[in-house]
Structure formats: C-alpha cells, structure tokens
Amino acid sequence: MPELPEVETTVRDLRRSLPGKTIIGVSFTDWPNMLQTHPPDVLGQLLAGEQVLEVNRRAKYVLIMLSNDKHLVFHRKMTGNLFVRQSEAEADKYTHFVMPFNDNTELRFADLRKFGRIYLFLARDELDQYLSKLGPEPLLDEFTEEVFTSQLKGRKGALKPLLLNQNLLVGLGNIYVNEALWVSQLHPQRQADTLTAEERHELYLAIRQVLTTAVENRGTTLSDYLDGEGQKGRNQELLKVHERENQPCYRCDTPIVKINVGQRGTYFCPVCQPVPEGVIMNYPVSRNRKNNHPNP
DNA sequence: CCACGATCCTGCTAGC
DNA sequence: TGCTAGCAGGATCGTG
C-alpha cells in the first residue's frame, strides 16, 4: 500500500515528466466514485487547456499544481498507481482514469481495489482547507522531537493506531509503523503517554530512519505498488518484521508474531518488543530467555 | 479522547 | 480439482 516513501517516489517520477505539459481533458473514466469533486464531463472541461506547473506531495496525497490556481489531487489508498505513458502504449491493467496531454502522452490512474480518489480544487485556499487537519511531515524540519513529544502527551491509546493517525503525523501506514516499532523496540500496544524520554527519542529516530531508507530504495512493493514508470521498489528486501510471521527476528532469532491491533495486521518480536504491563497476549512470552518460541 | 465496527473493493488463498 | 468464504487495508464515519 502506498505510504510516504511510495508516494514520494511517484511524485519524484512525475516531477521529471509532467511540468510543462498541457492537458487535453479526460479521455477515460469508468468509476464515478473515484471522482470526489466533479462529474466526469465537468472535470474534463475544467482540466482542458491547463498546464502542469509543479508536482508535490503532502502526506500520502499527490498534488498536481496547474495553471489558473487549479490543483489536481490523487490519493492512492491501497492499490492505486499513477503512470505516465505514451498514448499508444499498451493499456495498464485496472486503469480507471486517463488524462491525455498535448504531446501524445497521458497520465493513467490504475487501481485494482478502486479505493483511490481524485479531487480538483479550483483555488489554493480550497486545497489548503481540505488538507488542514493533517499533522507534520516526518521528514521535514517541522517534525521536531518537541512536536512529537507534545503530540504523544496525554494520549492514552495504543502506540500503533496513534502512529497511523494522519492528524498526529503524516505518511506512516501499516508497513512502516510495524518497522519503526521494531527498530525502536517498542510494543505496538504500549500506551503512548507511558514512553520514557529515551524511548520516545528512539521512536522518533526510528520513524525518520525507516522512512528515509524506504525513500532511498524507491518504496516497498509487496503486491501492487509500482512507481511512475511501472517499476517495483526495492525496500521489501529490507523489511524487518512486516509480513515475516514465524520467521526469526533479525536481532534475537525469536519467531516474529502477528496479532491484530486496531483491526490491522501487526508484526513484532515478542522478546525485543516486550509486552506492556496489563496487556494480555495469547502467546507465551519470556523476557529473560532468548529461545522462547510462541505456539505456531 | 478512545475503542470498535462498518464501509468501500477485488484478487488471492486457506479450507473444505 | 473446484468452489467459496474470508482476508487484506487507508481513511472516514457512526456509536458507545
């Protein structure tokens, strides 16, 4: 599923090819639910003749800045992919939206699950309003340790669902939360405001490190994610816990455990990420012995 | 504030 | 072998 590194990779790809192109209109759209702001014909009319100025990212949104202060926005949710193709190139599977340019290329939005969404805002203010509740960008200077500390303060909920909340901090999804918690050796069900300063520091560093590494590796492709040219990422080879159930922990060899937290598949090492007081787990855990294997 | 469940979707797969 | 129920999950919304 596209999280910050996957969206960032796509944005960098699109940024190399889209600016300067002029939109002809919308040549194909077969899934009305995808279009959040305008019906297909109106959207096509509003886009026709506009030029692409910039491509940017905010959280997991792809922002395409157009002439006349128009802003075309994509959210890929779980399985959405954006490709720039020559118009005559073979169709991409699961394509539900095509926007041709005046140079015989086109932007295609392909999405197996059809959860992806497209928005057109007619002024910067409308875009800013729409994005106004989002938290800080973890890879920018605005995400300081002080900001992170204040966000966690007084939070009684479990760490993992909190880190997935885009109002607190943007860009993390299931994969990178699992990874960051393993790196910082914190249990996903730790109550957020019980972290020591040292633990919070480690988590803060882990979030930035995990995301930075994934960006450098052009994202994680587990099943559906492809970059702007249709290529897979490389970060899946570096995952420490995500989708590694029953495989040995890279730190202590204990088999990785999978549980559900906040209705999300959650992977962690039961030894490196000790269960907090008061949380009852249905697998045996020893905090002292290394070779403690949970039931299969 | 927090937990939980439902919703939106379809390809895949575990289990019969 | 063939079928099917259930799972996967980002964000939002409703309920308690």
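Throughout, a chain's letter reflects where its sequence line sits, starting with A, and its residues are numbered from 1.
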| said: Tell me whether the side-chain N/O atoms of A/R113 come closer than 4.0 Å to OP1 or OP2 in B/dC8. | reply: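 For A/R113, the contact criterion (side-chain N or O under 4.0 Å from OP1 or OP2 of B/dC8) is not met.
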
* Asked: Is the shortest side-chain N/O distance from A/N33 to OP1 or OP2 of B/dC9 below 4.0 Å?
  ->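 Yes, within the criterion.
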
Rounded to whole Å, please give me the gap between [atom1] in [X] and [atom2] in [N].
{"X": "A/K133", "N": "C/dC13", "atom1": "NZ", "atom2": "C1'", "answer": "13 Å"}
{"X": "A/R117", "N": "C/dC13", "atom1": "CZ", "atom2": "C1'", "answer": "14 Å"}
{"X": "A/Y130", "N": "C/dT12", "atom1": "OH", "atom2": "P", "answer": "6 Å"}
{"X": "A/M78", "N": "B/dC12", "atom1": "CE", "atom2": "P", "answer": "16 Å"}

Is it true that [X] and [Y] have a side-chain N and a carboxylate O under 4.0 angstrom from each other?
{"X": "A/R218", "Y": "A/D13", "result": "yes"}
{"X": "A/D193", "Y": "A/K156", "result": "yes"}
{"X": "A/R58", "Y": "A/E137", "result": "yes"}

Is any N or O donor-acceptor pair between the side chain of A/R76 and the base of C/dG10 shorter than 3.5 Å?
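In this structure, the two groups form no donor-acceptor pair.
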
Check: Is a donor-acceptor pair below 3.5 Å formed from side chain A/Q263 to base B/dG5, judging by atom type as modelled?
Finding: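 Such a pair is found, so the answer is yes.
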
I'd like to know if the side chain of A/R57 and the backbone of A/A59 have a donor-acceptor N/O pair within less than 3.5 Å.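 Between the backbone of A/A59 and the side chain of A/R57 there is a qualifying donor-acceptor contact (under 3.5 Å).
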
Check your understanding: So, do A/F115 and B/dC8 meet the stacking rule of ring centres under 5.5 Å and planes under 30°?
Key ->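 The ring of A/F115 is stacked on B/dC8.
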
For this session: From the options C/dG9, B/dC9, B/dC2, select the nucleotide whose nearest atom is closest to the side chain of A/N174.
Result: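 Nearest listed nucleotide: C/dG9.
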
